Amino acid sequence: MSAKLDSNGRPRVLVVGGGFAGIGAVQKLKKADVEVVLVDKHDYHTFQPLLYQVATGLLEQTAVGHPIRDLVHKQPNARVHQDTVTAIDLDAREVRFSELEPLTYDYLVLGLGAEVNFFGVEGAPEHAFPLYTLADAVRLKSHVLKTWEAADRNPALIDDGALNIVVVGGGPTGIETAGALAELYHGVFPKDYPDVPPEKARIMLVEAGPVLFPMFKPVIRTYAEKALRKRTVELILGDAVKSITPTRVTLRSGTELAAHTLVWGAGLQGNELVQSLGLELARGNRIPVGPDLAVADHPDVYAIGDIAAITDAKTGQVLPQLGSVALQSGEHAGKSIARRIEGKKPKPFKYRDKGTMATIGRGAAVLQTMRGRTMKGKAAQAAWGTVHLALLPTNEDRAKAIVDWAGAGLTHQRVGRITVETDEGDRAKART
Ligand SMILES: Cc1cc2nc3c(=O)[nH]c(=O)nc-3n(C[C@H](O)[C@H](O)[C@H](O)COP(=O)(O)OP(=O)(O)OC[C@H]3O[C@@H](n4cnc5c(N)ncnc54)[C@H](O)[C@@H]3O)c2cc1C
């Protein structure tokens, strides 16, 4: 092993990506005799499971974005840099960035997550609204609010379908987003915009397969369908989106839907950097890893979280892209490196299944574990809360989340439904 010792003579662990996975790895290296360097293109850690609540004004940005530097305040062996990784050379054991000088490493932890896959749908990269980053959530919220304000000024837009939203994807992201948008549309907007006829603001969920939640048992699927229909979400099953323009969505069947907003919740693929690593990739461009989460032929490189294809030791199946998988795999990689530094052998990764879950609306959630146990309604919502509190990075965040979630549940207020312009044009206009 080549030694990249720092001035204190410690080996360097380079962690790229400060999501659940990267932060989990960094925190488990707190007591190890190493120099930890964490690089993320953002200066905040994103709590993706609640992005849809930012997009629908229920939560403010700070409820899902936490300063990364805060998370290593009590970790003297760690340093953080905000920069974008541009290339990774596994043979030279070197990572290159937009602005930082290249960094070499003794151990590399890849936690760069996934990115949206538009599956080649015409017009999607330009016109669809994905929901994967905090910027995506803020962009979608601003677009929806601006569209309603424009329709309020010019009612002809309403007849053109301006207020209709098509959500693509019948998995957890699509279902949670459609449910939350429906609550915004039917709970708050009728009071904000009393002149808009409710039937002229539709939420449509399009799923290419014949059922919603294909990974869940029929009892959960039926429950989700009913809960969405109760919230007036229109379900279009067995048809896929073929092309998108700013105001129309065309399906493969030829049906044309008038909608000025299309939310993409249909698919992910590994971060684009994985393609240049010279590795054989698994489905969805994920990096296959061994039982200890190390990359084949590169024992000092660990891939964790969404970027990795981790095979579950118990079921033999590739684990889903979930926050719990990301956090646990990141923690495991951190612990493994710490053990190796102490001259101990790393242990194989064992996933503790918390279930796959989704919230459809207030009091309506679903959960299914890998062993097939299911839960729905308020019980599933309580389980959702417990699991997601555990994913939050600090106790302060947990306390704040409890207050935010309880407040939103009790008051139904959508305090975040404002748009704040920061571009030069807006400032120039304000000055004149
Ligand atoms: C809308 C939505 C809802 C979800 N809901 C749930 C849920 O309810 N429950 C659940 O368990 N899971 C949920 N998930 C999945 C869960 O959030 C992910 O599995 C988890 O965030 C993956 O963690 P990660 O650390 O692997 O990647 P990420 O959280 O994506 O972190 C990757 C980090 O890498 C950084 N990065 C990326 N590229 C670069 C680069 N080139 N240079 C530098 N930094 C870079 C990013 O800024 C980011 O901070 C949801 C996901 C989404 C999108």
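Just so it is clear, the structure is predicted and the values come from calculations on it, not from any experiment. We count ligands from 1, going down the list as the structure has it; atoms in each ligand are counted the same way.
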Top protein contact for atom 15 (C) of ligand 1, by heavy-atom distance: Gln321 O, 3.6 Å

Within-shell test, Val387 vs ligand 1, heavy atom, strictly < 4.0 Å: no

Protein residue, atom and distance nearest to atom 17 (O) of ligand 1, heavy-atom basis: Gln48 OE1, 2.9 Å

Test of proximity, Thr173 against ligand 1: N or O pairs below 3.5 Å: no

Thr84 touching ligand 1 at heavy-atom level, < 4.0 angstrom: yes

Protein contact to atom 5 (N) of ligand 1 [nearest heavy atom, distance to 0.1 Å]: Pro49 CA, 3.4 Å

Mutual orientation of the aromatic rings belonging to Tyr351 and Phe349 [parallel < 30°, tilted 30-60°, perpendicular > 60°]: tilted

Donor-acceptor contact below 3.5 Å, side chain Gln328 vs main chain Arg352: yes

Leu273 neighbourhood, listing ligand 1 atoms whose heavy-atom distance to it stays under 4.0 Å: 41 (N)

Geometric N/O contact Asn271 with ligand 1, under 3.5 angstrom: yes

Lys400: partners by side chain to side chain donor-acceptor pair (under 3.5 Å), with sequence neighbours left out: Asp404

Proximity flag His388 to ligand 1, non-hydrogen atoms under 4.0 Å: yes

Min heavy-atom dist Tyr132 to ligand 1 below 4.0 Å: yes

Distance-only N or O hit between ligand 1 and Leu322, under 3.5 Å: yes

Test of ring centre spacing under 6.0 Å for Tyr44 and His66: no

Within the 6.0 Å centroid threshold, strictly below: Phe189 and Trp148: yes

Shortest non-hydrogen separation from Pro11 to Asp106 and the atoms involved: CA-OD2, 3.3 Å

Whether Arg417 side chain and Leu145 backbone form a donor-acceptor pair below 3.5 Å: no

Centroid-centroid distance, His81 to Phe97, less than 6.0 Å: no

Per-atom contacts of ligand 1 with Ala21, taking only distances under 4.0 Å to non-hydrogen atoms: 25 (O), 26 (O)

Residue Gly111 vicinity, atoms of ligand 1 by number, heavy atom under 4.0 Å: 32 (C), 33 (C), 34 (O)

Glu234 (side chain) donor-acceptor with Met204 (main chain) under 3.5 angstrom: no

Between Thr261 and His143, a side-chain donor and acceptor under 3.5 Å: yes

Atom 43 (C) of ligand 1: the protein heavy-atom neighbour that sits closest, reported with distance to 0.1 Å: Lys41 N, 3.2 Å

Gly305: numbered ligand 1 atoms lying under 4.0 Å from its heavy atoms: 26 (O)

Nearest-neighbour protein heavy atom for atom 20 (C) of ligand 1, which is reported as residue plus atom name and distance: Phe20 CD1, 3.5 Å

N/O separation below 3.5 Å, Tyr44 to ligand 1: no

Minimum-distance protein heavy atom relative to atom 27 (O) of ligand 1: Gly113 CA, 3.4 Å

Atom 1 (C) of ligand 1: nearest protein contact (heavy atom, Å): Leu131 O, 3.3 Å

Contact atoms of ligand 1, heavy-atom distance to Gly17 under 4.0 Å: 33 (C), 34 (O)

Qualifying residue for side-chain contact (heavy atoms from CB on, under 4.5 Å) with Val121, from Val241, Thr250, Val249: Val241

N or O contact, His42 vs ligand 1, cut-off under 3.5 Å: yes

Under 3.5 Å: donor-acceptor pair, side chain of Asp83, backbone of Leu100: yes

Close approach of Val16 to ligand 1, heavy atoms, under 4.0 angstrom: no

Distance from atom 49 (O) of ligand 1 to nearest protein heavy atom, with residue and atom: Asp40 OD2, 2.6 Å

Element-labelled atoms of ligand 1 that are located less than 4.0 Å from some non-hydrogen atom of Gly19: 25 (O), 29 (O), 31 (O), 33 (C), 49 (O)

Under 4.0 Å to a heavy atom of Ala326 - the qualifying atoms of ligand 1, by number: 22 (C), 23 (O), 26 (O)

Taking every non-hydrogen atom, the tightest pair across Lys30 and Asn77: O-ND2, 3.4 Å

Pair up each side-chain donor or acceptor in residues 54-64 with any protein partner under 3.5 Å, not counting sequence neighbours, and list the distances.
{"unit_1": "Thr56", "atom_1": "OG1", "unit_2": "Tyr52", "atom_2": "O", "d": "2.8"}
{"unit_1": "Thr56", "atom_1": "OG1", "unit_2": "Arg414", "atom_2": "NH1", "d": "3.2"}

Sub-4.0 Å heavy-atom approach of Thr46 to ligand 1: no

Min side-chain heavy-atom separation Ile88-Leu112 under 4.5 Å: yes

The one among Gly330, Gly323, Gly265 that brings a heavy atom closest to atom 10 (C) of ligand 1: Gly323

side-chain contact (heavy atoms from CB on, under 4.5 Å) between Val72 and Arg79, worked out: CA-CA 8 Å; Val72 298; Arg79 291 292 175 271; over 6 Å; no

